[in-house]
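Protein chains get the first letters and strands the later ones, always in sequence-line order, with residue 1 at the start of each.
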Amino acid sequence: MPTITYIQPDGTAEAMTVEDGTTLMRAAVTSGVDGIVGECGGQAMCATCHVYVRPEFAGRLPQIGDDEDEMLDCTTAERTDRSRLGCQISVDAGLDGIVVDVPADQV
Amino acid sequence: MSVVIVGGGQAGLQVADSLRAGGYADGIDIVADEPGIPYQRPPLSKDYLVPGKDAAPLPLRGPGFLAAKGITVHDGVAAVALERGSRQVVLSNGRRLGYGHLVLATGAANRHLACEGAGLPGIRGLRTLPDAQALHAELPRARNVVVIGAGFIGLEFAAAARAHGATVTVLEFAPRPMGRALSAVTAEWFAAAHVRMGVRLRLNEGIERFEAGPDGRVAAAVSTSGERYPADLVVAGIGVVPNDSLAAAAGLETANGIVVDEALRTSDPSVLAVGDCASFPNAHTGTRTRLESVQNATDQGRHAAGTIMGRTGAYLDLPWFWSVQGALRLQIAGLSAPGDQTIMAGDPDAGKFSVLCFRDGALAAVESVNAPADHIAARKLLAAGHGPTLEEAAARGFSLKAFGQAPASAGR
């Protein structure tokens, strides 16, 4: 089972082990990670599960879909080339150990 | 003094979360009549029913979160009475919980069909996880699905049933689908889109009765126009009624919901009500309103927590909604009303557009289809009261997303 680490803006780290295929949003919401809201339930419609994926994992991420790209333009915290929606990234063995930074603001 | 929250839905959990986030240190008890970990309802009529999608329920907050925050969930237990004099809630297991503040987040219940045959096996509603689990199991075998009511739930379910390959008939007694929530132009676009998806959408046609087959299960739905539709699975989505009987029995004021003031307090200031069950003074329409949405539940939950912690101020958050019906993603910001002047922005033929609803010359609501960036822009513009004028919106090539991002709007 893969692990995910969420880093808060103050540097606090929260690591968790999840079932294969769990999205970054679902894992965070289920565990109550501060700063990841997921208010639309994972439909790429609200941009409240915005995360910054550490660059060393960039090559292993799925492509950004059109819907996700459009929503990333609407995030409250600044969009960077590391920005993704957590609901669109399923974590399996290939992304084991992924580290993401939680933005200061979601809504 | 503890806070007791009656209701384990989106609103109730948000109250608890926001109390802890705000530094509230006393006990928090949530009384949730459904067993198990409180979960999100919206996916139950969407991803949960679509073939090949994730069917695991999405918890509202995980058990680790609840434990870490010192939030006690009494699951599978109902609140059966409020004793306001002694500030106690009586539970179905005989326990009593004392409170300093009580929050009623009791939600709503599905309205039931009242016609002949409405109790036949094979006729279901869709609200709870067990409802969705039953439909998840039955949909792959269903051949003829009849949906009663072309509201959000009915059409979400209809789209899911089409994705399973069933023949789907939707009966709606009103002339348009989602007529209470949408402008006529958007509602009519959705009617056509569902027909293109292969849904047999029967408008101006209600349900008269159901007929049973030899096995005793539902076999057909007969409409008010006398048409007979074969049916092996029927889902009714004909609206809800607020769960306000607990409040009414305790002498709190109710009127299509639990009546609250602008700070979400009931007629007893130590008792608040939030979410689907609350009838609140709506700053956006100037009328008393009850809204059934995630936004209303979570924003009112946050506000009620603030009221308990001594913050003053009126609940003013902008209402917004969403629905996913097959490939159609609908998002609504604000509340439209009959008589609004509408402007189409975008390309309805390509299935990506927003309808801007103007009232008294000002932007009042925006309905976006497959245009989430427009929706986010609309929420920000409406909340700030800085929407485009009718003339700006009517200009050729107008884009709400671009308008919201334009430098001119930055300092508005």
Checklist line | Portion of A/M25 that has a non-hydrogen atom of chain B nearer than 4.5 angstrom | finding: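 Side chain of A/M25 only, per the 4.5 Å heavy-atom cut-off to chain B.
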
Checklist line | chain B contact via A/A44 - which portion, at a heavy-atom distance below 4.5 Å | finding: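 For A/A44, heavy atoms of backbone and side chain both lie under 4.5 Å from chain B.
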
Next item on the list: Examine whether an atom of B/L66 lies under 4.5 Å from a heavy atom of chain A, and if so say whether it belongs to the side chain, the backbone or both; otherwise answer neither.
Entry: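 Neither part; nothing is under 4.5 Å.
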
Notebook entry, point to check: Just wondering, are more than 12 heavy atoms of other shown residues or ligands nearer than 6.0 Å to CD in A/E56?
Noted result: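 Atom CD in A/E56 is packed in, count exceeds 12.
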
Checklist line | Exceeds 12 heavy-atom contacts within 6.0 angstrom, atom CD of B/Q133 | finding: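 More than 12 within 6.0 Å, yes.
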
Checklist line | Atom of A/V29, atom of B/Q40 and distance for their closest heavy-atom approach | finding: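 Heavy-atom minimum between the residues: CG1-NE2, 4.1 Å.
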
Next item on the list: Check B/P57 against A/R26 and note the closest heavy-atom contact, atom names and distance.
Entry: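 Shortest heavy-atom separation between B/P57 and A/R26 comes out as O-NH1, 3.2 Å.
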
Notebook entry, point to check: Per the side-chain contact (heavy atoms from CB on, under 4.5 Å) rule, which among B/L330, B/I376, B/V324 passes with A/M45?
Noted result: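 The option that passes is B/V324.
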
Next item on the list: Flag the one option from B/R329, B/R379, B/R61 with the top tally of heavy-atom pairs under 4.5 Å to chain A.
Entry: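 Top count of heavy-atom pairs under 4.5 Å with chain A: B/R329.
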
Check: Taking B/P43, B/P42, B/G62, B/G64 one by one, which has the highest count of heavy-atom pairs under 4.5 Å against chain A?
Finding: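 Sorted descending by pairs with chain A, the first entry is B/G62.
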
Next item on the list: Mind checking the NE2-SG spacing from B/H375 to A/C46? Nearest 0.5 Å is all I need.
Entry: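 Result: 8.5 Å between the selected atoms.
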
Checklist line | B/L58 CG to A/T23 OG1 distance, which is reported to the nearest 0.5 Å | finding: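 Here the rounded value is 8.0 Å.
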
Next item on the list: Count the heavy-atom pairs under 4.5 Å between each of A/S31, A/C40, A/G42 and chain B, then report the option with the highest count.
Entry: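 Answer, by heavy-atom pair count under 4.5 Å with chain B: A/C40.
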
Notebook entry, point to check: Is there any residue in residues 4-13 of chain A with a non-hydrogen atom under 4.5 Å from a non-hydrogen atom of chain B, and which ones are they?
Noted result: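 Listed by number: none.
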
Check: If we only count heavy atoms from C-beta on, is the B/K352 to A/E70 side-chain gap below 4.5 Å?
Finding: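 They are in side-chain contact.
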
